[in-house]
Number of protein chains: 2
Amino acid sequence: MKHVTLDDVAKEAGVSRATVSRVVNDYPHVSDHVRQQVQNCIDKLGYNPHLIARSLASKKTGNIGLVFPNSIHNFFTDPYYPRLTEGIAHACNENDYTLSLFIFHTEELEKKLIPRLTRGGLVDGIIVQATGIDDNILFKIKNGEVPFLVAGRPLNLPEANYIDVDNVSGAYNAVAHLIRVGRKKIGMISGPRNTSAGLDRLKGYRQALRERNYPIEDGLIVEGDFTELSGYHAANQLLKNQEVDAIFSASDTMAAGALRAVKDHSLSVPEDIALVGFDDLPPSRTAVPSLTTIRQPIRRFGVKAVDVLIDIIDNGSPPPRQVILGTELVIRESCGSI
Amino acid sequence: MKHVTLDDVAKEAGVSRATVSRVVNDYPHVSDHVRQQVQNCIDKLGYNPHLIARSLASKKTGNIGLVFPNSIHNFFTDPYYPRLTEGIAHACNENDYTLSLFIFHTEELEKKLIPRLTRGGLVDGIIVQATGIDDNILFKIKNGEVPFLVAGRPLNLPEANYIDVDNVSGAYNAVAHLIRVGRKKIGMISGPRNTSAGLDRLKGYRQALRERNYPIEDGLIVEGDFTELSGYHAANQLLKNQEVDAIFSASDTMAAGALRAVKDHSLSVPEDIALVGFDDLPPSRTAVPSLTTIRQPIRRFGVKAVDVLIDIIDNGSPPPRQVILGTELVIRESCGSI
DNA sequence: TTGAAAGCGTTACCAG
DNA sequence: CTGGTAACGCTTTCAA
């Protein structure tokens, strides 16, 4: 079965190719009568526009690229990324864009594919998850011809278009809540200090303590890498060296590890240790005890990212788009306030 | 900065466009001397082939579509899908294909995009995750012009190309192991009976019992939907109505729920209840107790899927490709045999 | 309101 | 081994 082309329809309807094109694309300046007749032929022949040909002629690919650099090694371990991906995919479909997914596992793959991505006319725009200080992938993308948006505040390219959640105020609210419910010594399991999420959440923690005149001790802060296991180790360290009565974890996944560590120490949450996470991923709701956490609108984040990127594609890059989404404190059992 | 084209390079090198094309695509019949010279100009001008134009001329898009129909509502809740996606994405990149991701949340979206996908010349092939008996999306795709491969055994299209793990023998081995370690009454938390994974794992359970002359009782089988919560409810039901001393769960995620239920009943794993899961997802290793489970090679599954699809794309569809990957019993603490 | 024709940047065939 | 040239299927001016 051969592909039906614009020409076939034109011939069938006895009009020119241009006219059919106008009908397909809902352009004005076509008489109702002709439009109807052409539409009939389209239906009759089962015509579908050839998207590649359209791209070539119109110089728009209708594709958006989503890039995870090789610094993301926990794509499937942390539910955050799938959820983000889902939101972005959904929004792309809604906006008649196709989503191309690039998960770079190695630097070689990056080297090979970035040029193709940024100069190959493959995509109209790129969303890249690269907030790390050493994510030089951003510079490579920046040198290309394709507009891009960073998911998260990019530490090494402050002037780039980006979208992020308000990590500082989120963390601040988490810690402020722990103080409010009477906890005296609050430890923190931070994220990696070479990522903006890690840094900003730590900043919020410090801000809250400072504001209430709590001492800020280095020993109270242990760095994790957003994995469950690192949360477990960090919490162990905290429990062994410090008499904390609360822990703020920079992610739910690490909080799960912390919970495990607390139990291993024969302590209980929230009686002995109040625990607050960050993200509000699905497992946190069903955990025992259920986890108090900072909800970030991951799915909305994805949708908004696509909106902003499309705006950049359509309307040109400057001024820089920098969007911050709010968070929300979700109180459950683990903080001991209910 | 204008895009550098084949013509630009040709002019610069003083040869024809055709020759440059041959160099770019590593074709034979180009003298070493000319090849070298052209290559220099390519590097000098920073030429990158325009992939869309190439697609149009060569009638190959270099794109593979990965489709999750709207029946998949737990894309980000169950780590299985992200992991699969990652494997597929990786394999695509390795093979110089681009992966287009389609997550259909609604039937309307399916209606709108399937034609584009199967007749729009958007992709060279499709991998679709749709094994359910009522996944009519398969028929729509089948009616298109694009070769496709089903991830999992498609219940309603047995003659389709598909790739799956050996669910029957995997489940069989899980239950046989429980029998081997001396359990007498083995309950099962099954998957949905309108999916092949649900059905086949149930079949393996029955097979193992029958072979050892264990009675097969309906009351011992409770259906879940692969979510943690359904595992929790199913286990509760099992523990309330039956004196089981072992539970085989058709997925790790449901096993996590079962573990929670067992603890709620003040019973312990593995002393009172031996527990075996299916999948071997990362959290199962760090669970307390760690989970005995059937490991399926999810990542390899994705890689193999791409291999097979590319084979179909290159070499035509018949004969049907039906690939079954093996599984492996991973013995940890929860079955009580160590 | 419609049609003719010139691209878009490649590939692939046919001559030489 | 190399060059000329016709596709590929569509969009987009420009004229009519």
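Chain letters run A, B, ... following the sequence lines, proteins first and then strands; every chain starts at 1.
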Using only heavy-atom distances, determine whether the side chains of N161(A) and Q322(A) contain a donor-acceptor pair under 3.5 Å.
no
Length of the line joining [X]:[atom1] and [N]:[atom2], which is rounded to integer Å:
X: L51(B); N: dT10(C); atom1: CG; atom2: C1'; value: 10 Å
X: D8(A); N: dC10(D); atom1: CG; atom2: P; value: 9 Å
X: K59(B); N: dC10(D); atom1: NZ; atom2: C1'; value: 12 Å
X: L56(A); N: dG7(C); atom1: CG; atom2: P; value: 14 Å
X: Q36(B); N: dC1(D); atom1: CD; atom2: P; value: 16 Å
X: I52(A); N: dG9(D); atom1: CD1; atom2: C1'; value: 11 Å
X: Q37(B); N: dC1(D); atom1: CD; atom2: C1'; value: 14 Å
X: R54(A); N: dG9(D); atom1: CZ; atom2: C1'; value: 11 Å

For a quick test of reading the model: is some side-chain N or O of [X] closer than 4.0 Å to OP1 or OP2 of [N]?
X: S21(A); N: dT12(D); value: no
X: Y27(B); N: dA12(C); value: yes
X: S31(B); N: dT2(D); value: yes

Specify the residue among R35(B) and A57(B) whose closest nucleotide of DNA chain D lies further upstream toward the 5′ end.
R35(B)
V123(B) and side chain to side chain contact (heavy atoms under 4.5 Å, CB included): which partner among T98(B), L99(B), L117(B), I64(B)?
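Filter result, single survivor: L117(B).
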Would you mind telling me which of [options] lies closest to the side-chain atoms of [X]?
X: R22(B); options: dC8(C), dT12(D), dC13(C); value: dC13(C)
X: L6(A); options: dT11(C), dT10(C), dT11(D); value: dT11(D)
X: H29(B); options: dT1(C), dC10(D), dC1(D); value: dC1(D)
X: A53(A); options: dT11(C), dC10(D), dT11(D); value: dC10(D)

Quick one: do D96(B) and R116(A) satisfy salt bridge (Lys or Arg N to Asp or Glu O under 4.0 Å)? Show the steps, please.
CA-CA 10 Å; D96(B) 281 329; R116(A) 200 174 296 185; 3.4 Å; yes
Any salt bridge between [X] and [Y], counting N to O under 4.0 Å?
X: R35(A); Y: D26(A); answer: yes
X: R17(A); Y: D7(A); answer: yes
X: D311(A); Y: K304(A); answer: no
X: D8(B); Y: K44(B); answer: no

Please work out if [X] contacts a base, only the sugar-phosphate, or nothing of the nucleic acid, heavy-atom cut-off 4.0 Å.
X: H50(A); value: sugar-phosphate
X: N25(B); value: sugar-phosphate
X: V34(B); value: sugar-phosphate
X: N48(B); value: sugar-phosphate

Quick check on contacts: within residues 11-19 of chain B, what sits under 4.0 Å from DNA chain C by heavy-atom distance?
R17(B), A18(B)
Between V146(B) and T118(B), what is the shortest heavy-atom contact and its length?
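In this case the closest contact between V146(B) and T118(B) is CG2-O, 3.4 Å.
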